[in-house]
S.K.: 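Below: one structure in structure tokens.
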There are 2 protein chains.
Amino acid sequence: MSNFPFQRLQADLSGLIDRTPAGQRLPSEPELAKQLGVSRATLRDAMRTFETQGLVRRRQGSGTFVVGKVQALDSGLEVLESLETMAKRLGLVISVSHLSVEPLAADETLAEKLGLEVGAGLLCIRRVIRADGRPVAYLVDTLPENVLRVDDVATDFHGSVLDFLLERGDILKTSRANVSALGATAEVAKALEIQRGDVLLHFYSQLFDENAKVVDYSLSYFIPGYFHFHVVRRVGG
Amino acid sequence: MSNFPFQRLQADLSGLIDRTPAGQRLPSEPELAKQLGVSRATLRDAMRTFETQGLVRRRQGSGTFVVGKVQALDSGLEVLESLETMAKRLGLVISVSHLSVEPLAADETLAEKLGLEVGAGLLCIRRVIRADGRPVAYLVDTLPENVLRVDDVATDFHGSVLDFLLERGDILKTSRANVSALGATAEVAKALEIQRGDVLLHFYSQLFDENAKVVDYSLSYFIPGYFHFHVVRRVGG
DNA sequence: ACACTATAAGTTGTCAGACAATTAACTCAG
DNA sequence: CTGAGTTAATTGTCTGACAACTTATAGTGT
């Protein structure tokens, strides 16, 4: 029972944020601290935990704002589909930004994940997916250079590696995806325009072709609330 | 480029935490602030983001410690199995604490998820799963009272609702699970002995019987790093 | 010698006040 | 009407201090 002021403050703030309409500004820090009976330092400490959850956004000189969500993208995990396909299916419009294509050599981790040797030539594709203009996902795909080269993606690449390979005629079989949760690293935070440490849903997966070779090692970072991933689990072993 | 001191501080702290062995204490806040060239207030602000990710743990009067992970529990999402079954399969020992069994009436959300009417009698089972003595998951199962009554679970309940129903002879078919990430609420934070807002992996799922009736609405909260959930996704639609 | 208590030092939690950096609105000359 | 400068408001950071808590140490009584 030690954290009384802080915990009580979190509860009060949570209620205030819930009651405040999305996009609206909260009272200034000095005023809020006075209203809630705590110092501004403690208030800021608590407010950081809500910023981490993506519930509020602070802007120096402007204020602290409650963030609102757009409609969530819904998809089952049994079938692998691109975010573009998912959005089209739901009649939503998404866009791609910060597209970066970069060749690199396999380090120990990538070599193991892709079934190659250390130093093998790879191509790394990074991009930010936006819904309603706001960043909602950051995707990093890494492929062997014999699967995809820089000049291959110069044309007809619209943001989805999966769609590109399928339209090219590649035969792809399955993807093995791992799901986790984590705090944003510096790189991911910058891309998604959030703070380092903010909570994210994370997939890392291997895409296999007909010969069970790994053709793509993919890292996906999703801002919670914008996606509903579900899966049907069979009972019994 | 506004958050320079804070962002640089996060990078420095991240490196320090990575270099520090698990369980070891970090230098005191005044000393660290002096070493890193920031005020203690800013240092604390940054340190909270790492506490939120579960990377460090602060104890008043004692210090700030780097937390270490135990072996992760590995499981596929295609098959629904209890954490107990999962642990036994991997030769690990887990325990159950804070077991709470409580009857309640269905509110709007629960009624919809369970396919019942508002006010219907329910049974809510909450418990904390521990590995190596440390909390790693918080589970909340809610079942209709015609499926499970209080006195049913008085005996032979070892922590898993799924195992209990199966051993009793119930015919269960599938579970529809949704995966997400979120910050801990006050209730979950208390159960898992973490801070409100700390990042968690979250499943919420419906368990169906042979008649496609919902027999269990389940909420699961996992501390990241202790579990590896994976799923094989089929390409194409 | 042992168990228990009181003390002291060290650490995190909170507070108060101040200034810097940034933003947004306003004023006013052209 | 436009645009630059000014001003007020807000968050970011710093400094210093004290409170609350933990741990180790020294001391005391039996």
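Throughout, a chain's letter reflects where its sequence line sits, starting with A, and its residues are numbered from 1.
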S.K.: Quick one: on DNA chain C, does B/Thr64 or A/Gly37 contact a more 5' nucleotide (nearest heavy atom)?
M.R.: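 Nearest-nucleotide comparison on DNA chain C picks B/Thr64.
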S.K.: From CE of A/Met47 over to C1' of D/dT10, roughly how many Å is that when rounded to an integer?
M.R.: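 Between C1' of D/dT10 and CE of A/Met47: 12 Å.
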S.K.: For D/dT22, take OP1 and OP2 only and decide whether either is under 4.0 Å from a side-chain N or O of B/Ser62.
M.R.: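 Checking B/Ser62 against D/dT22: no side-chain N or O falls below 4.0 Å of OP1 or OP2.
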S.K.: Considering only D/dC14, C/dA24, C/dT14, which nucleotide approaches the side chain of A/Thr42 most closely?
M.R.: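 Between D/dC14, C/dA24, C/dT14, the one nearest the side chain of A/Thr42 would be C/dT14.
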S.K.: Is the NZ or CZ atom of B/Arg58 positioned over B/Phe65's six-membered ring, under 6.0 angstrom from the centre and within 45° of the axis?
M.R.: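 No, B/Arg58 does not sit over the ring of B/Phe65.
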S.K.: Looking at D/dC21, I'd like to know if its phosphate oxygens (OP1 or OP2) sit under 4.0 Å from a side-chain N or O belonging to B/Arg59.
M.R.: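 For D/dC21, neither OP1 nor OP2 has a side-chain N or O of B/Arg59 closer than 4.0 Å.
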S.K.: Would you kindly give the CG-to-P distance between A/Leu43 and C/dA16, to the nearest whole Å?
M.R.: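 In whole Å, C/dA16 P and A/Leu43 CG are 12 Å from each other.
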S.K.: Let me know the distance between CG of A/Asp45 and C1' of C/dT14, rounded to the nearest Å.
M.R.: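 Rounding to the nearest Å, CG of A/Asp45 and C1' of C/dT14 are 10 Å apart.
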S.K.: Would you say B/Arg40 places a side-chain N or O within less than 4.0 Å of OP1 or OP2 belonging to C/dT11?
M.R.: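 Checking C/dT11 against B/Arg40, no side-chain N or O comes under 4.0 Å of OP1 or OP2.
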S.K.: Measure CZ/A/Arg44 against C1'/C/dT14 and give the value in whole Å, please.
M.R.: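 From A/Arg44 CZ to C/dT14 C1': 15 Å.
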S.K.: Separation of A/Leu32 atom CG from D/dT11 atom C1', in whole Å?
M.R.: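 Atom CG in A/Leu32 sits about 13 Å away from atom C1' in D/dT11.
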S.K.: Side-chain contact, heavy-atom cut-off 4.5 Å: A/Gln206 with A/Lys113?
M.R.: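 Side chain of A/Gln206 against side chain of A/Lys113, heavy atoms only: contact under 4.5 Å found.
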S.K.: Quick one: which of C/dT14, D/dT11, C/dA24 gets closest to the side chain of A/Phe6?
M.R.: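 Nearest nucleotide to the side chain: C/dT14.
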S.K.: To the nearest angstrom, how far is B/Gln24 atom CD from C/dT11 atom P?
M.R.: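 Rounding to the nearest Å, CD of B/Gln24 and P of C/dT11 are 14 Å apart.
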S.K.: Looking at the side chain of A/Gln60, which of D/dG12, D/dT10, D/dT15 is the nearest nucleotide?
M.R.: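 From the listed options, D/dG12 comes nearest.
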S.K.: Kindly point out which of C/dT14, C/dT11, D/dT13 is positioned nearest to the side chain of A/Ser39?
M.R.: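 When the side chain of A/Ser39 is considered, C/dT14 is the closest of C/dT14, C/dT11, D/dT13.
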S.K.: Please determine whether a side-chain nitrogen or oxygen atom of B/Arg58 lies at a distance below 4.0 Å from atom OP1 or OP2 of C/dG13.
M.R.: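 Looking at the OP1 and OP2 atoms of C/dG13, one of them is under 4.0 Å from a side-chain N or O of B/Arg58.
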S.K.: Can you tell me if the side-chain N/O atoms of B/Arg25 get under 4.0 Å from OP1 or OP2 in C/dT11?
M.R.: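 Indeed, a polar side-chain atom of B/Arg25 lies that close.
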S.K.: Evaluate the side-chain proximity of B/Leu123 to B/Glu102: yes if any heavy-atom separation is below 4.5 Å, no if none is.
M.R.: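 Sidechains of B/Leu123 and B/Glu102: no contact.
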S.K.: Rounded to the nearest angstrom, tell me the gap between atom CD in A/Glu29 and atom P in C/dT22.
M.R.: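 Roughly 16 Å, once rounded to whole Å.
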S.K.: So, the side chain of B/Arg89 versus the backbone of B/Asp74: is there a donor-acceptor pair under 3.5 Å, distance only?
M.R.: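 Confirmed, B/Arg89 side chain pairs with B/Asp74 backbone.
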S.K.: Between A/Phe229 and A/Phe203, what is the ring plane arrangement, given parallel below 30°, perpendicular above 60°, and tilted in between?
M.R.: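 Answer is tilted, since the angle falls between 30° and 60°.
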S.K.: What is the distance, to the nearest angstrom, from the NZ atom on B/Lys34 to the P atom on D/dT15?
M.R.: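 Those two atoms, NZ and P, are 12 Å apart.
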